[in-house]
Every structure is written in C-alpha cells, then in structure tokens.
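What follows is a single structure, written as structure tokens, with notes after it.
Residue numbering restarts at 1 for every chain, and letters A, B, ... go by the order of the sequence lines. These values consider heavy atoms only, across backbone and side chains, with no hydrogens, waters or symmetry-generated copies.
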2 protein chains.
Amino acid sequence: MHFVEKLGRFTELSDDERIALATCVETEKVVPAQTRLVNQGDEYPSAYVIERGWSFRQRLLKDGRRQVMNFLVPGDAIGFAAAFFAHADHTVITMTEVRYARIDPDRLMQVIAGSPRLGATLFWSTALEESVLREHIVSLGQRTAREHMAHLLVELAERVRKGGMPEAEAQLLPVTQILLADVLGISPVHTNRTIRQLVREGVIETSARGIALLDEPRLRQMSDFDEQFLHEDGGPDF
Amino acid sequence: MHFVEKLGRFTELSDDERIALATCVETEKVVPAQTRLVNQGDEYPSAYVIERGWSFRQRLLKDGRRQVMNFLVPGDAIGFAAAFFAHADHTVITMTEVRYARIDPDRLMQVIAGSPRLGATLFWSTALEESVLREHIVSLGQRTAREHMAHLLVELAERVRKGGMPEAEAQLLPVTQILLADVLGISPVHTNRTIRQLVREGVIETSARGIALLDEPRLRQMSDFDEQFLHEDGGPDF
DNA sequence: CGTGGTGTTGAAGGAAATCAAGCCCGGTGG
DNA sequence: CCACCGGGCTTGATTTCCTTCAACACCACG
C-alpha cells in the first residue's frame with residue numbers, strides 16, 4: 001500500500017480516507033526487469049502505483065533517438081493524469097523486478113468525489129512530479145554533463161529515501177551507461193568519461209550492477225542542488 | 001473568461017458549471033510588459049489565469065544562469081497546483097502587456113467539491129501542461145538547435161491558435177534572442193546564427209518586434225513535429 | 001546626443017559527438 | 001570445456017557543434 005502511505009505523507013489522512021483509498025487498489029503484480037508497463041502509441045492501459053523496484057519513462061523520436069524523462073521509484077504513480085489521453089506519448093520500462101498495483105480509475109473518481117481533500121492531495125502529488133520535470137529541464141538546458149550527473153544522482157537518492165525503498169537497493173542506481181546517456185541527453189562515450197572522472201574524484205563508485213554514491217555532500221555542492229525543489233516544505237494546506 | 005472557455009473546450013460544461021466557475025474569478029488586472037507576476041523564492045501569491053498577452057516562466061541558478069521553462073498564452077493557468085507549495089520555485093514575467101484574472105483558490109475548491117467533473121477537467125489541463133514540459137525535455141535532450149527552434153515555433157503557433165489569441169498577435173512571437181537562447185539552452189550567439197539560417201531558408205522572418213512563421217509545413221517537417229503531443233485527441237472521458 | 005540593450009558577424013577555443021579499437025564478462029552452443 | 005558471440009564498458013584520435021571573445025551597427029530612450 002505504498003500509494004496510501006505516499007499520500008499520507010503529504011496530508012494527515014483520516015482512517016476513513018485511508019480505507020476508501022485502499023479500496024481503489026485492485027490486483028498487485030510482479031514483473032521481471034525489461035518489462036514494458038506502458039507502450040508509446042498504445043491506448044493507456046490503466047493507472048498503476050509502483051510498490052517495489054526501478055523503472056523509467058522514455059519517449060522515442062521517429063529516427064530512433066530516445067529521451068528518458070524520469071525514473072519511477074516506489075510510491076510513484078503511472079497514468080493518473082495521462083490516462084485522460086487517448087494514447088500514451090511515452091513508454092514505461094522496468095529496470096529491475098517490479099511490483100505494482102493496479103488502481104481502479106472509476107473507483108478512485110468516486111472516492112475523490114466523496115473527499116475533496118483527497119483530490120487535492122492527489123493533485124498535489126502531480127504537481128510534485130511536475131516539479132521534477134522542471135528541474136530536469138533546468139539540468140538539460142543549463143548544467144554541464146558533470147553537474148547534471150551529480151544532480152541526478154542526488155535527486156534519486158533523495159527521492160528513493162522518501163519512497164520507502166529498502167536501504168540495500170536504494171544505495172545502488174541500477175542503470176547502464178547507455179540509459180544514463182539518454183537521460184542526460186549526451187552520448188554514451190561522453191557519459192562514460194563523465195562517470196570515470198567522478199570515480200577518480202572519489203565521489204561515486206561503479207560496479208557491474210550500477211552506480212553508488214560515496215560522497216553525497218560533494219555531489220550536492222558540485223551540482224548546486226537546491227534542497228527545496230522536492231518540496232519537503234509541506235503538502236496541501238488545509 | 002478565457003479560463004472557463006478553455007476548460008469548456010475539454011469537457012462539455014453545463015450552464016451551472018460555467019456559472020459556478022465564473023464565481024471563482026475575482027479581479028481582472030492589466031499589467032505592462034516586463035512585470036513579474038510570480039517571484040522565485042517568494043510565497044506563492046495566488047492563482048491566476050492569463051487572458052491576454054504573452055508571459056514566460058523561468059528559473060534562476062545561484063550563479064546567474066537561467067532556464068526558461070515555457071511560455072504562457074491566453075487560457076494558461078498559473079499556480080493552481082504550485083500554490084500548494086510554500087514557495088515558488090520559478091519566476092513568471094510578462095513579455096507584453098498582459099491581462100489576467102485572479103482566481104480565488106478557496107472558492108475554486110468549493111466549486112470542485114460540488115462537481116468532481118470540474119475537478120477532473122482541471123486535473124486534465126494540468127496533465128496537458130505536463131505534456132508540454134515533457135516535450136521540452138525531449139527537445140533539449142535530443143534535438144539540435146535548429147530542430148528545437150523549429151519545434152518551439154510550431155508548438156507556440158499551435159497553442160496560440162487554440163488559446164484564442166487575436167490573429168494579429170498570434171502571428172508574431174515577441175521574444176528577444178537572449179530570451180530564446182535561455183529557452184533552447186544555447187548561447188545567444190548561436191541562437192542568432194540559427195535564426196539567420198532559418199531566415200535565409202525562407203521559413204521564418206524577423207522584425208524588431210519578434211519572429212514570424214512563413215513556412216509552417218517545412219518547420220513541422222524539419223522538427224519532426226508530432227501532431228499528437230498537444231493531445232487534441234480528446235479530453236477527459238465521461 | 002550619449003547610453004544601454006539588442007542584433008550581427010568573424011575568429012579562436014572548448015565541450016561533446018563521432019569514429020574506431022579493444023576489453024571484460026555472461027551466455028550459448030558446438 | 002571452450003570457442004564464440006553480443007552487450008556493455010573504456011580509451012584514444014578526429015571532427016563537429018557550440019561557446020566565448022571581440023567588434024561594430026542599430027535603435028529606442030532619457
């Protein structure tokens with residue numbers, strides 16, 4: 001029930017609200033790495049909430065270039081707003097084994113109708129996601145590859161910490177460098193050089209399974225990380 | 001009442017809903033160009049809807065670099081979701097004289113509580129905005145300066161067309177090249193060279209007051225513009 | 001009639017892409 | 001068992017795109 005917990009972190013939910021929310025959760029499912037949860041161009045399948053593991057959103061251009069939008073960690077939602085659209089404009093792929101819950105959109109609508117506070121809270125969590133997108137825009141437009149990389153790593157560490165991912169998994173970002181290149185909008189070769197440099201400086205560490213942070217304070221400093229952008233400064237005001 | 005009209009384009013609103021929405025609109029105000037409607041770091045002032053003119057959102061880094069997130073055209077909303085946050089993480093500045101309406105958030109909340117359909121519609125319009133941000137990420141990450149510029153121009157032409165801006169204004173994007181540089185994430189000099197090239201090719205035209213499109217089909221083609229991303233394919237499904 | 005913001009263009013330097021080659025490692029099949 | 005293969009990682013050399021620096025023209029404005 002990460003979904004209920006996540007919203008509960010924003011607003012103090014009553015027991016009634018918790019119970020009502022829980023009735024929206026349908027089946028839970030576990031899928032292996034490299035599974036497509038949503039397919040660009042297809043009809044939007046449904047609404048989901050990630051409960052365990054890593055995934056990411058990507059968008060393909062006609063000539064094969066791809067851009068990775070963001071990563072999804074436990075507590076993140078898929079398709080709450082986007083489900084309004086006829087077709088998905090992006091693909092969601094799992095990077096590890098992932099457990100997720102299907103949410104019944106109609107039921108959710110009913111629940112919200114009964115509790116505007118819940119609606120506002122949901123709205124809030126969408127706004128938070130938008131904030132992450134905006135920060136990505138800033139990174140792509142203004143930060144150097146090095147700064148962008150550092151910023152991304154700190155952001156993920158932060159989000160994962162709040163998302164209730166088990167400590168062991170949270171320490172390690174399970175990405176290939178090719179994937180990372182398409183997040184940062186740079187070539188795989190340059191991604192590699194940037195990573196190697198950060199490793200030489202001792203702020204990160206690489207292994208076969210991914211990237212681990214060694215010196216988060218320095219990463220924050222070199223990326224000019226703004227504590228405020230994940231908006232820990234409060235949820236909706238009632 | 002562009003606000004009501006805009007939402008009305010997504011969903012068939014009843015007269016009651018229209019009237020209820022209209023009661024949320026407080027004062028209307030007209031401000032000159034270069035006015036700050038929202039200030040990064042300040043408390044979020046309120047919620048607004050743009051009714052006439054051009055503005056943009058920007059975010060400043062500590063060292064002075066700035067990134068422009070997106071442009072705001074008539075019908076666009078400011079601060080509906082973001083007002084939940086304690087502090088604004090960006091600044092909004094007008095580029096022309098702008099007329100906007102203040103929306104009473106509390107009143108809006110009440111109205112939504114009385115009509116979940118309205119809430120969903122508002123939610124939908126937020127999702128649409130997010131879609132524009134995602135496209136900006138794709139452009140920054142994957143497209144060349146030339147492609148990005150072409151894509152931006154077509155996107156704005158399209159949005160402005162749907163936003164009910166007067167034909168005369170809609171034809172002209174009132175930007176300085178320095179501003180455009182901070183949208184595209186490139187230097188002013190390179191922005192200039194990119195523009196000059198497009199002018200030489202005869203697809204756009206510049207004047208003291210801004211940029212005008214001459215050959216939209218070619219711009220679409222060179223930017224691989226995807227008709228679908230502004231999601232004309234339908235609003236919320238009831 | 002200066003003055004500052006904007007636009008324009010050339011020249012030089014730097015960041016990142018591309019091209020190319022070799023490595024490690026896990027999987028697969030002879 | 002090991003040869004082979006493919007995917008990801010690493011590094012050097014070269015090229016391309018974009019930045020930076022610099023100079024000047026233009027024009028709106030005080």
Could you check how far [atom1] of [X] sits from [atom2] of [N], rounded to whole Å?
| X | N | atom1 | atom2 | value |
| --- | --- | --- | --- | --- |
| B:Arg196 | C:dG7 | CZ | P | 11 Å |
| A:Arg193 | D:dG12 | CZ | P | 8 Å |
| A:Asn192 | D:dG7 | CG | C1' | 14 Å |
| A:Leu184 | C:dA15 | CG | C1' | 15 Å |
| A:Ile186 | C:dT18 | CD1 | P | 12 Å |
| A:Leu140 | C:dA15 | CG | C1' | 16 Å |
| B:Gln142 | D:dC17 | CD | P | 16 Å |
| B:Ile178 | C:dT8 | CD1 | P | 12 Å |

I'd like to know if [X] pairs up with [Y] as an ion pair, taking the criterion as any Lys NZ or Arg NE/NH1/NH2 lying under 4.0 Å from an Asp or Glu carboxylate oxygen.
| X | Y | value |
| --- | --- | --- |
| B:Arg102 | B:Glu28 | no |
| B:Glu129 | B:Arg134 | no |
| A:Arg220 | A:Glu147 | no |

### Message
Within the 4.0 Å heavy-atom criterion, would you say A:Ser187 contacts the bases, only the backbone, or no part of the nucleic acid?
### Response
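Base, at least one base atom sits under 4.0 Å.
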
### Query
So what does B:Ala145 hit on the nucleic acid, given a heavy-atom distance under 4.0 Å: a base, only sugar-phosphate, or nothing?
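Contact class for B:Ala145: sugar-phosphate only.
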
### Distance test, side-chain N/O of A:Gln177 to OP1/OP2 of D:dG7, below 4.0 Å
no

### Task
Just say parallel, tilted or perpendicular for the rings of B:His151 and B:Phe225, cut-offs at 30° and 60°.
tilted

